[in-house]
Amino acid sequence: MRIGVLGTGNMADALATHWVRAGHDVAVGGRDVHKAQRLAARLGGSAKPASLRAAAEFGQVVLAALPFGAGTSVARELRTALDTKVLIDCSNPVGPGFRLLTQSGLSAAQQLAAAAPGTHVVKAFNLCHEDVWRMSPPIFDGRPLAVPVCGDDETALALVHQLVRHAGCEPVAGGGLERAGLLEATAALFIGLWVGERADAQAIAPPLAYAAGPRHKESEETEGASRQEF
């Protein structure tokens, strides 16, 4: 797969590393050509430096590894080059005090879609620190990290699910792009818990078997035992 990367920061580095290792062709795009050259050299393999526009033109899938706010202006600038492409948004619109910056309007992912209306925007890779994405692979307690993915186009979603797996993770269907704001709000909550409170955000949810409540769990166990008797 041809992947264009918009940005030369930590998220670009962490995710593109997995994709180069998986054999994808990657073009690293940046306004600063020297930063793009340094990142491409560090990635090795098929990675090559490019301008932002050249990276957008190169990729079948394009990763917008850009800060919230900058992404929309870049997408608007490159909307012709991004037309019909899959555009992955991994940004988090989180401000001081762990405040969600999009509370009164469109999510960051929807803003990208509005800035480049011919693209198929997919929200993914926004719930973890870049150092988690650097792990090879991100596995915790023997279980691969699950990555929620939101988008409206089935072909685009299939491609992003593949890239999630090539990062050593397991994709989870998160619904349409209108649900991207829920992922961004979850990131704001989790960052506030992890960083602000030093709390274990993972501990706030029960295991899947208890998601509908203990009585539901007990009912399933009773039904299972009854079936075994017959």
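Side-chain atoms are counted along with the backbone in the values below, which use heavy atoms only and exclude waters and symmetry mates. In this text, all values refer to a predicted model and were calculated from it rather than measured experimentally.
Residues meeting the side chain to side chain contact (heavy atoms under 4.5 Å, CB included) test with Ala199, sequence neighbours left out: Leu193, Glu197. When the ring pair (Phe, Tyr, Trp, His ring centres under 6.0 Å) test is applied to Phe98, no partner is found at least two apart in sequence or on another chain. Applying the ring pair (Phe, Tyr, Trp, His ring centres under 6.0 Å) rule to His166 yields the partners His24; only residues at least two apart in sequence or on another chain are considered.
The pair Arg2-Asp25 does not count as a salt bridge, with every side-chain nitrogen at least 4.0 angstrom from each carboxylate oxygen. A salt bridge links Arg31 with Glu77: at least one charged nitrogen is closer than 4.0 Å to a carboxylate oxygen. The pair Lys85-Glu57 does not count as a salt bridge, with every side-chain nitrogen at least 4.0 angstrom from each carboxylate oxygen.
The only member of Ile3, Leu159, Val121 that meets side-chain contact (heavy atoms from CB on, under 4.5 Å) when paired with Val86 is Leu159.
Between the Glu130 side chain and the Asp13 main chain, no donor and acceptor come within less than 3.5 Å of each other. Proximity of a side-chain donor or acceptor of His18 to a complementary backbone N or O of Val164 within less than 3.5 Å is not detected. Of the possible donor and acceptor atoms, none in the side chain of Asn126 sits under 3.5 Å from a partner among the backbone N and O of Cys90.
In the displayed structure, Arg179 atom CZ is contacted under 6.0 Å by at most 12 heavy atoms of other residues, nucleotides or ligands. Under a cut-off of 6.0 angstrom, the local environment of CD1 in Ile204 is crowded, with over 12 non-hydrogen atoms contributed by other residues, nucleotides or ligands.
Grouping the Ile, Leu, Val, Met, Phe, Trp and Tyr side chains by contacts below 4.5 angstrom, directly or via other members, places Met11 with Trp19. In the hydrophobic clustering of this structure, Val74 groups with Leu112; members are Ile, Leu, Val, Met, Phe, Trp, Tyr whose side-chain heavy atoms approach within less than 4.5 Å, directly or through other members.
Taking each heavy atom of Asp152 and Gly176 in turn, the nearest pair found is OD1-CA, 3.3 Å. Residues Thr119 and Leu82 approach most closely at CG2-O, 3.0 Å, considering heavy atoms.
The NE2 atom of His120 sits 11.0 Å away from atom CG of Leu87, with the distance rounded to the nearest 0.5 Å. Note that CZ of Arg38 is 8.0 Å distant from OG1 of Thr8, once rounded to the nearest 0.5 Å.
Using a 3.5 Å distance cut-off with no hydrogens or angles, the side chains of Ser136 and Arg21 do pair a donor with an acceptor.
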Review point. Between Phe58 and Val5, does a side-chain contact (heavy atoms from CB on, under 4.5 Å) hold up when you go through it step by step?
Key: CA-CA 9 Å; Phe58 174 83; Val5 176; over 6 Å; no
